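The structure appears below as structure tokens.
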Amino acid sequence: MAEARDVGEPLEAGAEAEGQVAVAGRLVARRGQGKTVFADIEDRSGTIQAWATLDRLGEQGLGLLADAHVGDIIGVRGTVVRTRRGEVSVAADAVEMLAKSLRPPPDRHAGLKDPETRYRQRYLDLMASDEVRAQFVTRARAIAGVRRFLDDRGFIEVETPVLQPIYGGAAARPFVTHHNELDRDLYLRIATELYLKRCLVGGLEKVYEIGKDFRNEGVSFKHNPEFTMLETYEAYADYEDVAAMLEEMVAAVAVQATGGTVIPWKGGEIDLTPPWRRVRLTDALEDASGIDVLAHPDAADLRARMRAAGLDAPDTAPWGKLVDGILSQALEPQLVQPTILLDYPLELSPFAKRREDDPRLVERFEAFCGGMEIANAFSELNDPDDQRERFAMLQADREAGDDEAQPSDEDFLTALEHGMPPTGGLGLGLDRLVMLLTDRHSIREVILFPAMRT
RNA sequence: GGGCCGUUAGCUCAGUUGGUCAGAGCAGGGGACUUUUAAUCCCAAGGUCCUGGGUUCGAAUCCCAGACGGCCCA
């Protein structure tokens, strides 16, 4: 169809090009005129008008077109002409019904607005809206850009199990399923972290995986129960190296997906050009809330301080969760321009290496943009004894009622005991990255088929 | 989990104080028309007013409960 338009472009009104062309697509408009029919046909490159007359097409062919419904998929063979009114068209010598549409498409001009129908029957949304189609093309381009960036840097893409005997690598409740033949329960992964680290133990050194993670939690504008995650691990790198790579990668992907590193966001702009602002988490929390969390190492103490500052602080939340609460309530919404928060409390980070200068903190950062967390990274903990202690802390959290605390993974500890090189690791939520790059404010706008009730 | 809002024809939407309020445009059906561009003109048809209760002489409209969805908050 694009080629047919190219053929017709140089024609003057009323002229006809040499040679036959064939186009196929969905009928989006039809203007019947007795013994003449004009039909607009659309494919993914755009539309072209088919012009059918009784003289050229005969009674049967014209009848087929006259009886066709908007929504039908038809093929037209003929010559390229420019009509007297200047429209590049295919003057039909033959038409063919390729697929009947038994149901009417969404209204062409009003579009499809009902969000429920848009999400449940995404094909109608795609059919009705060029912008929605472009949205998912941009998503594909962004993810291809991530792969290209990492491949060019010598990373290899690997695939690790989705069905796992023990879940881990994040704080979340899992989905549980059952293997009939083995008669055992398995978990859908909440992260790829612990398997990718096994790859590092084995010497693959620079690996990444792009795939779905599954978290058994609520649905919101930034959460879908299954979502697309990138994780990367690079041997002999630390979290500073990872931060530098992340900035470059996001900037490169922004260029590939949108053409530049300054992107529109909620009526303003976000400048993704490296370097991004870096702040120590504890300093940023104090600026945003007035609370120095390290000065309140006791949970009850911190809770009281938070409530005095007007923040929500659940009775049962341990110290680490309270710090996370200050972050999400007081700080995260302010982080519109890209910001890297460095050096997290150990309690929040069971797989990150301790800072040598302050054992209460770990070498970890999270990157925020558009008021959302988009990435999480650390210098990976590779000391098996320390890792075993961290699992014990998580176990204590579980026993204290935290159902998001993950169980210990003895097989992973065995791998670490074989020696994992010092490693920088990164997790980047690709759905949120696409939201950012396309100025969409709900994760449902960037996932083709988002989770819905029933 | 909490608050607010929404649900009327295939799509987009009106619907006044509870009383010819079951409506429009487009799509779909029948007809006219050989250069149209959201073609035009004529005709006919199209409904579980989300569901279930309740109030009332009378409910799309008011009340209660529920389902689904959206937004905001947590």
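The model shown is predicted, which means the values in this text are computed figures rather than measured ones. Chain A is the first sequence line, chain B the second, and so forth, proteins listed ahead of strands; every chain is numbered from 1.
- The side chain of A/Pro104 sits closest to B/A27 out of B/G69, B/C13, B/A27.
- The side chain of A/Arg453 contributes an N or O atom lying less than 4.0 Å from OP1 or OP2 of B/G69.
- Side-chain atoms of A/Arg444 and A/Met452, non-hydrogen and from C-beta on, do get closer than 4.5 Å to each other.
- The pair A/Glu59-A/Lys35 does not meet the salt-bridge criterion, since no charged nitrogen lies less than 4.0 angstrom from a carboxylate oxygen.
- Between the C1' atom of B/U35 and the CZ atom of A/Arg84 lies a distance of 5 Å, rounded to the nearest Å.
- Here A/Glu247 pairs with A/Arg278 in a salt bridge; the nearest charged N to carboxylate O distance falls below 4.0 Å.
- Nucleotides B/C68 and B/U55 place their C1' atoms 26 Å apart, quoted to the nearest Å.
- The closest donor-acceptor contact from the side chain of A/Glu269 to the backbone of A/Ile263 lies at 3.5 Å or more, if one exists at all.
- In the set B/C71, B/G28, B/C68, the nucleotide with an atom closest to the side chain of A/Arg30 is B/G28.
- Checked against B/G69, B/U35, B/A39, the side chain of A/Arg120 finds its nearest nucleotide in B/G69.
- The side chain to side chain contact (heavy atoms under 4.5 Å, CB included) search around A/Asp93 returns A/Gln20, A/Arg56, A/Thr79, not counting sequence neighbours.
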N/O to N/O distances under 3.5 Å, protein versus nucleotides 72-74 of chain B:
unit_1, atom_1, unit_2, atom_2, d
B/A74, O3', A/Asp312, OD2, 2.8

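- Comparing B/A27 with B/G70, their P atoms are spaced 30 Å from each other, to the whole Å.
- Annotation: side chain to side chain donor-acceptor pair (under 3.5 Å) contacts of A/Asp72 (sequence neighbours excluded): A/Lys100.
- Here A/Asp298 does not pair with A/Arg303 in a salt bridge; the nearest charged N to carboxylate O distance is not below 4.0 Å.
- For A/Leu27 and B/G28, the CG to P distance is 9 Å, given to the nearest whole Å.
- Cation-pi geometry between A/Arg122 and A/Phe449 is not met: the NZ or CZ atom fails to fall both under 6.0 Å from the ring centre and inside 45° of the normal.
- Ranking B/C11, B/U12, B/A39 by closeness to the A/Asp114 side chain, first place goes to B/U12.
- Taking atom CZ on A/Arg118 and atom C1' on B/U12, their separation rounds to 14 Å, with Å as the unit.
- We find that CG of A/Leu62 is positioned 14 Å from C1' of B/U35, with the value rounded to whole Å.
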Would A/Val90 and A/Ile48 satisfy side chain to side chain contact (heavy atoms under 4.5 Å, CB included), going step by step from the backbone distance to the final call? CA-CA 8 Å; A/Val90 176; A/Ile48 196 166; 4.0 Å; yes
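- Only the C1' atoms considered, B/A74 is 39 Å distant from B/G10, to the nearest whole Å.
- Comparing the C1' positions of B/G47 and B/G28 gives a spacing of 16 Å, expressed to the nearest Å.
- No side-chain donor-acceptor contact under 3.5 Å links A/Glu373 to the backbone of A/Glu366.
- To the nearest whole angstrom, the two C1' atoms, one in B/G46 and one in B/U61, are 23 Å apart.
- Rounding to whole angstrom units, CZ of residue A/Arg444 and C1' of B/C71 are separated by 12 Å.
- Nucleotide B/G25 is matched to B/C11 when pairs are restricted to Watson-Crick or G-U wobble geometry with both distances under 3.5 angstrom.
- Spacing of P atoms, B/G19 relative to B/G3, comes out at 31 Å, to the nearest Å.
- Annotation: side chain of A/Phe412 is in contact with side chain of A/Phe391 (closest heavy-atom distance under 4.5 Å).
- Across B/G25, B/A39, B/U35, the shortest atom-to-atom separation from the side chain of A/Arg31 is found for B/A39.
- Residue A/Pro115 places its side chain closer to B/G70 than to any other of B/U35, B/G70, B/C68.
- Looking at A/Asp431, its side chain does come within 3.5 Å of a backbone N or O of A/Thr228 through a donor-acceptor pair.
- Listed nucleotides B/C68, B/G29, B/U37 differ in distance to A/Gln49; the shortest reach to its side chain belongs to B/U37.
- The nearest whole Å value for the distance from the CG atom in A/Leu124 to the P atom in B/A27 is 18 Å.
- Going from atom CG of A/Asp125 over to atom C1' of B/U12 covers 15 Å, rounded to whole Å.
- Within the 3.5 Å criterion, the main-chain N or O of A/Ala330 finds a donor-acceptor partner in the side chain of A/Gln334.
- A distance of about 32 Å separates the P atoms of B/C41 and B/C49, rounded to the whole Å.
- Relative to the side chain of A/Leu112, the nucleotides B/U37, B/C11, B/G28 differ in distance, and B/C11 lies closest.
- Checking B/C13, B/U37, B/G69 against the side-chain heavy atoms of A/Lys113 singles out B/C13 as nearest.
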All N/O contacts under 3.5 Å from nucleotides 4-9 of chain B to the protein, with atom names and distances to one decimal?
none

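- For A/Phe368, the ring pair (Phe, Tyr, Trp, His ring centres under 6.0 Å) test picks out no residue, with sequence neighbours left out.
- Summary of the strand contacts: A/His441 and A/Gly111 both lie near RNA chain B, and taking for each the nucleotide with the nearest heavy atom, the more 5' one is attributed to A/Gly111.
- Between A/Glu16 atom CD and B/U35 atom P there is a gap of 17 Å when expressed in whole angstrom units.
- Two residues are said to be in side-chain contact when any heavy atoms from C-beta on lie closer than 4.5 Å; A/Gln49 and A/Arg31 meet this criterion.
- In this structure, B/G19 and B/C57 make a Watson-Crick or G-U wobble pair, each of the two defining distances being under 3.5 angstrom.
- Listed candidates were B/U35, B/G28, B/G69. Nearest to the side chain of A/His69 is B/G28.
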Atom pairs, N/O to N/O, protein against nucleotides 31-34 of chain B, distance under 3.5 Å?
unit_1, atom_1, unit_2, atom_2, d
B/C33, N3, A/Gly34, N, 3.2
B/C33, N4, A/Gly34, N, 3.4
B/U34, OP2, A/Lys35, N, 3.2
B/U34, O4', A/Thr36, OG1, 2.8
B/U34, O2, A/Thr36, OG1, 3.4
B/U34, N3, A/Asp55, OD2, 3.3
B/U34, O4, A/Asp55, OD1, 2.6

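- Taking atom C1' in both B/U16 and B/C73, one finds a spacing of 35 Å when rounded to whole Å.
- A 3.5 Å limit on both hydrogen-bonding distances identifies B/C73 as the Watson-Crick or G-U partner of B/G1.
- Nucleotide B/G6: paired with B/C68 (Watson-Crick or G-U wobble, both distances less than 3.5 Å).
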